[in-house]
Amino acid sequence: MSSARRLPPLRSLAVTGALGASVLLLTACTNADTNRSSVAEAAQTESPSATDTASASPSGSPSASMNEDQTERKELVSATKVTWDKAADTAVKEVPEGKLVDLELKRTEADATASPTGSPTGSASPSMPNPAPSEGAPEWEAKVAQSDGTLHRIDIDAVSGKVFRTMVDPDQDPDDKTQVTEWLDKAKQTPKQAVEAATAKAKGTVTHVELGDNDNQQVVWGVDVVDKGNWNKTTVEVDAANGKVLSQKVDKD
């Protein structure tokens with residue numbers, strides 16, 4: 001309940017005390033005592049509303065009004081020191097003549113140093129040139145394709161910029177590789193050009209760049225941009241052939 005609805009009873013008690021004093025001094029004294037008690041009780045009744053108001057005020061602050069996803073974006077982006085383009089350059093250098101097809105800012109998982117399960121026979125274990133960040137720390141997870149469509153995963157510490165794991169994607173089959181090569185053949189726009197087109201429409205920090213196709217079977221770059229003013233994420237779809245922005249969607253959840 002609001003405090004405004006509790007004010008009239010206090011005014012009523014004050015008027016009653018004043019009228020009692022004009023009739024009899026003795027009655028006024030008695031009424032005064034009664035009124036003081038009543039006012040004290042009323043004041044005690046009113047006190048929780050002040051507490052309610054104080055406790056309610058933080059909910060109006062920007063941090064309290066953010067939802068879980070916005071809070072997560074703020075924490076992740078704020079802890080990241082390596083920009084998407086620096087991470088992309090680092091990833092591509094790990095694969096000779098490789099091309100970036102996916103780069104995502106995420107939290108480091110607990111199994112960051114574990115060997116993959118289900119690796120194809122003869123495939124090498126992950127290379128771990130540097131210690132992995134602690135669990136939950138920001139990392140860039142990149143996928144770089146060879147000319148035959150083979151994907152290499154490169155994990156990069158998003159604070160130091162150092163590669164801490166590289167490995168061949170163990171889950172690809174021949175059809176997957178063919179799909180990747182077809183996308184790359186049709187993609188005339190580089191990741192950098194796609195990001196420039198996306199950030200011309202949505203200002204902010206790039207957290208994901210991915211090559212794929214849309215519902216219309218067009219090969220597109222999907223670019224996620226986080227607005228540091230409200231921590232909403234906008235996904236911009238850029239035609240990978242000509243660089244035109246096809247759509248943009250704000251994710252406020």
By salt bridge (Lys or Arg N to Asp or Glu O under 4.0 Å), D157 pairs with (sequence neighbours left out) none
The reported gap from CG in D173 to CD in Q179 (rounded to nearest 0.5 angstrom) is 10.5 Å
- Between the main-chain N or O of W231 and the side-chain N or O of D227, is there a donor-acceptor pair closer than 3.5 Å? no
- Item | Heavy-atom side-chain proximity of D85 to K192 below 4.5 angstrom | no
*asked:* Given 3.5 Å as the limit, does a donor-acceptor pair link the side chain of N216 with the main chain of Q218, or not?
replied: no
Main-chain N/O of A112 paired with R165 side-chain donor or acceptor, under 3.5 Å: yes
CH2 of W183 to OG1 of T178, rounded to nearest 0.5 Å, is 11.5 Å
Determine, step by step, whether T199 and V225 satisfy the side chain to side chain contact (heavy atoms under 4.5 Å, CB included) criterion, reporting the C-alpha distance in whole Å, the side-chain angles of both residues, the deciding distance to 0.1 Å, and the verdict.
CA-CA 7 Å; T199 52; V225 184; 4.2 Å; yes
Here the gap from E75 atom CD to M66 atom CE, rounded to the nearest 0.5 Å, amounts to 8.0 Å
Original post:
Less than 4.5 Å apart, any side-chain heavy atom of K177 and any of T150?
Top reply: yes
V159 side chain near P138 side chain, heavy-atom distance below 4.5 Å: yes
Heavy-atom nearest pair, S147 first then T181, reads O-CG2, 3.4 Å
| S160 side chain to K162 main-chain N or O, any donor-acceptor pair under 3.5 Å? | yes
(request) Group every Ile, Leu, Val, Met, Phe, Trp and Tyr by side-chain heavy-atom contacts under 4.5 Å, then state whether V219 and L184 land in the same group. (result) yes
Check: Counting only N and O atoms by type, is there a donor-acceptor contact under 3.5 Å from the side chain of T190 to the main-chain atoms of Q193?
Finding: yes
Stepwise salt bridge (charged side-chain N to carboxylate O under 4.0 Å, His left out) check, K244 with E237 = CA-CA 9 Å; K244 292 183 178 179; E237 191 176 90; over 6 Å; no
Discussion item. Taking the side chain as everything from C-beta on, heavy atoms only, tell me whether L76 gets closer than 4.5 Å to L105.
Written reply: yes
Those residues at least two apart in sequence (or on a different chain) that pass side chain to side chain donor-acceptor pair (under 3.5 Å) with S78 are none
Check: Are the charged groups of K186 and D239 less than 4.0 angstrom apart, N to O?
Finding: no
For residues 88-103, which side-chain N or O atoms pair as donor and acceptor with protein atoms under 3.5 Å away, sequence neighbours left out?
from, atom 1, to, atom 2, distance (Å)
T90, OG1, K86, O, 3.0
D102, OD1, H208, NE2, 2.9

Is there a side-chain contact between P133 and F164 in this structure, where contact means two heavy atoms from C-beta onward sitting under 4.5 Å apart? yes
Between the CG atom in N232 and the CG atom in N230, the distance rounded to the nearest 0.5 Å is 4.0 Å
What one should report as the nearest heavy-atom pair of A145 and V180 is CB-CG1, 3.7 Å
Using a 4.5 Å side-chain heavy-atom cut-off and chaining through intermediate ILVMFWY residues, the residues clustered with L246 come out as V220
* Asked: Is there side-chain contact between V209 and W84, with at least one heavy-atom pair below 4.5 Å?
  -> yes
dist S127:OG -> I154:CD1 (nearest 0.5 Å) comes out at 10.5 Å
Taking side chain as C-beta onward, heavy atoms only, is T235 less than 4.5 Å from D251? no
Contacts satisfying salt bridge (charged side-chain N to carboxylate O under 4.0 Å, His left out) that involve residues 135-148 (not counting sequence neighbours) are K106-E141, E141-R153
So does A137 get a backbone contact from the side chain of T108, meaning a donor-acceptor N/O pair under 3.5 Å?
yes
Item checked: Q172 side-chain N/O to D169 backbone N/O, donor-acceptor pair under 3.5 Å -> no
Within a strict 4.5 Å, meaning less than it, do heavy atoms of the V236 and W221 side chains meet?
-> no
**I156 reachable from V195 in the ILVMFWY side-chain graph, under 4.5 Å edges** = yes
Interatomic distance, CD@E68 vs CZ@R73, rounded to 0.5 Å, equals 10.5 Å
For residues 193-222, the salt bridge (charged side-chain N to carboxylate O under 4.0 Å, His left out) pairs (sequence neighbours left out) are none
Determine whether a donor-acceptor pair (N or O, by modelled atom type, separation under 3.5 Å) exists between the side chain of N130 and the backbone of V163. yes
